[in-house]
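Quick caveat, the model's predicted, so the values are computed rather than measured.
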Amino acid sequence: MSDAVIVNSSRLKSIVWNDFDRVKKGDTFVAICRHCKKKLSGSSTSGTSHLRNHLIRCQRRSNHGVAQYFSAKDKKKEGSLALVTIDQEQKNDEVLSIVNLRYEQEQIKSEHVGIGSNSLDQRRSQFDLARMIILHNYPLAMVEHVGFKIFVRNLQPLFELVTRNKVEADCMEIYAKEKQKVYEIFDKLPGKISVSADVWTASEDDAAYLSLAAHYIDENWQLKKKNLNFVTIDPSYTEDMHSEVIMNCLMDWDIDRKLFSMIFDSFTSDNIVERIRDRLSQNRFLHCNGQLFDVRCAVDLLNRMAHDALEALCEITQKIRESIRYVKSSEATQATFNELADEVQVETKKCLCIDNPLKWNSTYFMLEASLEYRKVFSCLRDRDPVNMKFLLSDPEWDRLVTVTSFLKLFVEVTNVFTRSKYPTANIFFPEICDIHLQLIEWCKNPDEYISSLALKMRKKFEEYWYKCSSGLAVAAMLDPRFKMKLLEYYYPQLYGDSATELIDDVFECIKSLYNEHSIVSPLASSIDQGLDWQASGIPGSGKDSRDRLMGFDKFLHETSQAEGSSSDLDKYLEEPLFPRNGDFNVLNWWKVHTPRYPILSMMARNILGIPISKVAAESRFDTGGRMLNHNWSSLPPTTIQALMCSQDWIRSELES
């Protein structure tokens with residue numbers, strides 16, 4: 001710009017010219033930033049808004065004094081953040097666009113970067129960033145990625161970028177605050193807590209983690225879940241060490257005295273469970289001497305039985321895969337297959353697809369679809385015997401029909417168990433009983449191949465039934481649509497002449513559980529306090545130690561209970577069943593009927609809150625265990641626990 005002339009800026013009234021040189025080149029005026037040397041229009045018809053916008057965003061200019069470039073009208077808008085629109089062809093001085101940002105989070109004492117009366121809350125923004133990372137499993141190191149830095153700098157130049165260590169510290173601070181909230185929730189809980197234990201692995205190495213989660217029904221009769229711990233467990237740990245880790249976690253949360261039951265995988269050692277139960281029973285924390293303490297996951301049982309079925313079908317399944325691969329190998333083969341399907345009048349709309357071995361239900365769907373095309377496969381073999389040499393024989397097809405019916409039942413029941421995010425315990429009993437009846441029938445199959453498979457599955461089932469049948473039955477009794485009638489319907493089918501005795505055993509467990517709840521019931525304690533007050537002879541009460549009718553008062557209380565009133569349990573069982581309908585909510589029913597059954601409702605709160613299944617809906621058909629996200633697996637154990645637990649707590653809060 002050798003022919004350029006710098007114009008005297010004293011005649012220019014706008015404050016922006018303190019940071020720009022106005023240069024005339026021919027008939028054109030150019031404004032050159034004194035900090036970054038960027039050239040913008042300096043024409044008087046262009047105004048100065050674009051120059052002010054540039055100064056606010058200029059990387060080489062200190063943010064100090066940026067406020068002076070906001071119009072007076074803008075400065076009156078408090079709690080707002082300026083978002084600048086750049087238009088170099090603006091003809092008039094326009095005010096900067098202001099967008100109000102509303103924050104629903106708690107107020108955080110923070111450092112502010114001031115722009116007049118407008119401000120960026122640096123600390124709040126840092127916590128928002130940390131929460132985003134927690135919620136979406138993002139790597140902590142993303143804050144140091146070049147692309148992220150560019151994005152943030154262009155979006156909000158005033159935000160001070162943070163390091164990986166800083167965002168990790170923010171995540172730990174969020175964890176501490178959220179953990180305190182959970183402590184307070186547990187402290188105010190009206191009922192007991194059930195805890196599920198799950199084992200996770202990491203993809204990069206052989207590291208294993210123990211995940212503990214609390215399940216409970218809150219004061220509003222909503223079933224809730226909160227992650228408690230996510231701790232590293234060493235493969236070398238003994239059973240004693242495993243049980244000690246769990247007990248330490250429970251005591252750290254101060255919920256060992258509030259524990260009702262624990263839910264484990266089917267393969268968890270009985271010795272670990274017994275050690276924990278013995279520790280809790282010593283302090284008399286458990287109901288019914290811990291009879292309902294050990295619960296095994298129902299969906300895990302179904303997965304294990306499905307694995308047995310698919311293992312028995314291993315060779316048949318491989319042949320089916322090869323047959324489908326051949327059909328899909330070329331368009332000509334697919335066209336021939338479709339023609340044959342039309343000839344034999346196959347009516348199914350199911351698609352032949354190779355299964356995903358990591359999801360056992362996809363293998364079931366592949367086998368089920370193959371059965372629909374059985375005749376088509378046979379016709380294709382007649383036409384092309386060389387390439388269809390791996391097709392099933394008739395006995396193999398027949399076995400496939402039978403075993404696929406097993407898998408169909410397991411898929412249907414699994415879907416029932418995981419239909420709701422937090423299923424209540426009452427829905428499990430009839431489904432489990434149906435499986436029990438089917439296993440009995442399958443064991444009678446004359447084909448030894450089928451009967452031996454059924455016996456193998458039945459053995460696993462009976463181990464589960466031995467531990468969990470009482471809890472399932474009590475939960476079913478607390479469903480007003482069933483009460484004791486469901487036991488009276490299923491037990492004769494399962495046990496024949498022994499059914500009456502077993503039903504009586506269940507009812508004794510129910511009565512024992514009810515009596516234990518009546519002791520700790522506020523209703524029972526208020527009665528006891530009334531009797532104690534009458535017997536104490538408090539001065540001014542109208543009764544003293546010489547009151548000869550104190551014995552009469554006690555006699556009246558005892559006889560009125562024995563003769564004139566019945567317990568919650570008796571009243572509940574005597575009344576007719578509630579009609580069965582599709583939209584029935586058992587927790588809403590107990591919420592409404594708590595005043596009528598104050599003691600039994602306490603018992604319902606604790607029983608119905610047991611998570612008979614602890615498997616998440618998205619992983620219900622997985623053939624492997626749950627795996628830690630690779631973005632977090634290399635972090636320190638304390639950080640992993642903070643991220644995993646905080647993620648669960650924040651998501652729960654957002655959902656509610």
Side-chain angles (χ1 to χ4, degrees), residues 178-198 210-231 240-264 268 271-295 425 467 470-471 474-475 509-510 512-526 528-529 594 598-612 614 641 645 648-649:
E178 295 295 328
K179 185 175 182 179
Q180 183 59 38
K181 293 181 186 178
V182 179
Y183 267 124
E184 292 170 2
I185 290 172
F186 290 164
D187 188 52
K188 298 174 183 177
L189 271 186
K192 296 277 189 176
I193 295 172
S194 292
V195 172
S196 61
D198 210 359
L210 175 67
S211 172
L212 297 180
H215 306 257
Y216 58 91
I217 295 174
D218 66 12
E219 65 277 4
N220 296 316
W221 284 91
Q222 297 292 317
L223 189 57
K224 300 289 186 179
K225 167 187 166 288
K226 297 285 185 186
N227 278 8
L228 299 176
N229 296 93
F230 199 86
V231 295
D240 279 340
M241 295 169 74
H242 275 285
S243 59
E244 193 64 29
V245 168
I246 294 174
M247 279 303 305
N248 288 338
C249 291
L250 297 177
M251 290 188 291
D252 175 61
W253 281 98
D254 195 25
I255 59 172
D256 50 323
R257 66 192 65 205
K258 293 185 177 182
L259 203 61
F260 189 85
S261 64
M262 285 200 69
I263 299 83
F264 299 93
T268 301
N271 293 330
I272 294 175
V273 181
E274 284 299 322
R275 285 175 170 84
I276 299 171
R277 176 162 40 200
D278 290 344
R279 286 276 300 275
L280 297 170
S281 296
Q282 288 173 4
N283 297 318
R284 299 182 179 180
F285 290 153
L286 299 179
H287 284 285
C288 292
N289 295 319
Q291 184 178 345
L292 304 179
F293 174 74
D294 183 8
V295 179
K467 291 182 171 70
S470 295
V474 175
C509 176
I510 291 170
S512 174
L513 197 58
Y514 176 83
N515 290 335
E516 290 179 7
H517 279 82
S518 67
I519 293 172
V520 298
S521 166
L523 180 68
S525 62
S526 64
D528 293 340
Q529 289 171 4
T594 294
I599 297 173
L600 196 61
S601 65
M602 290 177 57
M603 179 171 151
R605 188 190 294 274
N606 294 333
I607 291 290
L608 296 176
I610 299 174
I612 305 298
K614 60 183 179 62
Q641 174 170 262
C645 292
D648 175 74
W649 300 335

Heavy-atom pair with the smallest gap, counting every atom of [X] and [Y]:
X: Phe186; Y: Lys226; result: CZ-CB, 4.3 Å
X: Gly290; Y: Arg277; result: O-NH1, 2.9 Å
X: Gly609; Y: His215; result: O-CB, 3.8 Å
X: Val295; Y: Ile612; result: CG1-CD1, 4.3 Å

Rounded at 0.5 Å granularity, tell me how far [atom1] in [X] sits from [atom2] in [Y].
X: Arg605; Y: Tyr216; atom1: CZ; atom2: OH; value: 12.0 Å
X: Asp254; Y: Asp187; atom1: CG; atom2: CG; value: 8.0 Å
X: Leu513; Y: Cys288; atom1: CG; atom2: SG; value: 4.5 Å
X: Lys258; Y: Leu189; atom1: NZ; atom2: CG; value: 5.5 Å
X: Ser470; Y: Asp294; atom1: OG; atom2: CG; value: 11.5 Å
X: Met241; Y: Ile272; atom1: CE; atom2: CD1; value: 11.5 Å

Legend entry - Salt bridge flag under 4.0 Å for residues Lys181 and Glu184: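 Glu184 and Lys181: not salt-bridged.
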
Inset, instruction - Considering only NZ, NE, NH1 and NH2 on the basic side and carboxylate oxygens on the acidic side, decide whether Glu219 and Lys224 come within less than 4.0 Å. - result: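 Between Lys224 and Glu219 there is no salt bridge, as every charged N stays at least 4.0 Å from the carboxylate O atoms.
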
Legend entry - From Ile510, Leu292, Ile217, residue fulfilling side chain to side chain contact (heavy atoms under 4.5 Å, CB included) relative to Ile607: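 The single option meeting the side chain to side chain contact (heavy atoms under 4.5 Å, CB included) with Ile607 is Leu292.
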
Inset, instruction - Please work out which of the three classes, parallel, tilted or perpendicular, describes the rings of Trp253 and Tyr183, given edges at 30° and 60°. - result: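 The arrangement is tilted - the two ring planes meet at 30° to 60°.
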
Legend entry - Aromatic plane relationship, His287 with His517 - under 30° parallel, 30 to 60° tilted, over 60° perpendicular: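 Because their plane-to-plane angle is under 30°, the rings of His517 and His287 count as parallel.
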
So does [Y] get a backbone contact from the side chain of [X], meaning a donor-acceptor N/O pair under 3.5 Å?
X: Asp648; Y: Asn227; result: yes
X: Ser518; Y: Asn515; result: yes
X: Asp252; Y: Asn248; result: no

Inset, instruction - Give a yes or no on whether Asp278 atom CG has more than 12 heavy-atom contacts from other residues, nucleotides or ligands under 6.0 Å away. - result: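 Atom CG in Asp278 is crowded, with more than 12 foreign heavy atoms closer than 6.0 Å.
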
Are any of the side-chain heavy atoms of [X] and [Y] separated by less than 4.5 Å?
X: Glu178; Y: Val182; result: no
X: Lys467; Y: Val273; result: no
X: Ile246; Y: Val195; result: no
X: Val231; Y: Leu212; result: no
X: Gln641; Y: Cys645; result: yes

Legend entry - Gln222: side-chain hydrogen bond (donor to acceptor under 3.5 Å, both in side chains) partners, not counting sequence neighbours: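 side-chain hydrogen bond (donor to acceptor under 3.5 Å, both in side chains) list for Gln222, sorted by chain: empty.
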
Inset, instruction - Dump the intermediate steps for side-chain contact (heavy atoms from CB on, under 4.5 Å) on Arg279 and Glu244, then the final yes or no. - result: CA-CA 10 Å; Arg279 286 276 300 275; Glu244 193 64 29; 3.3 Å; yes

Inset, instruction - Apply the test side-chain contact (heavy atoms from CB on, under 4.5 Å) to residues Leu210 and His242: give CA-CA distance (whole Å), side-chain angles for both, the deciding distance (0.1 Å), then the verdict. - result: CA-CA 9 Å; Leu210 175 67; His242 275 285; 5.9 Å; no

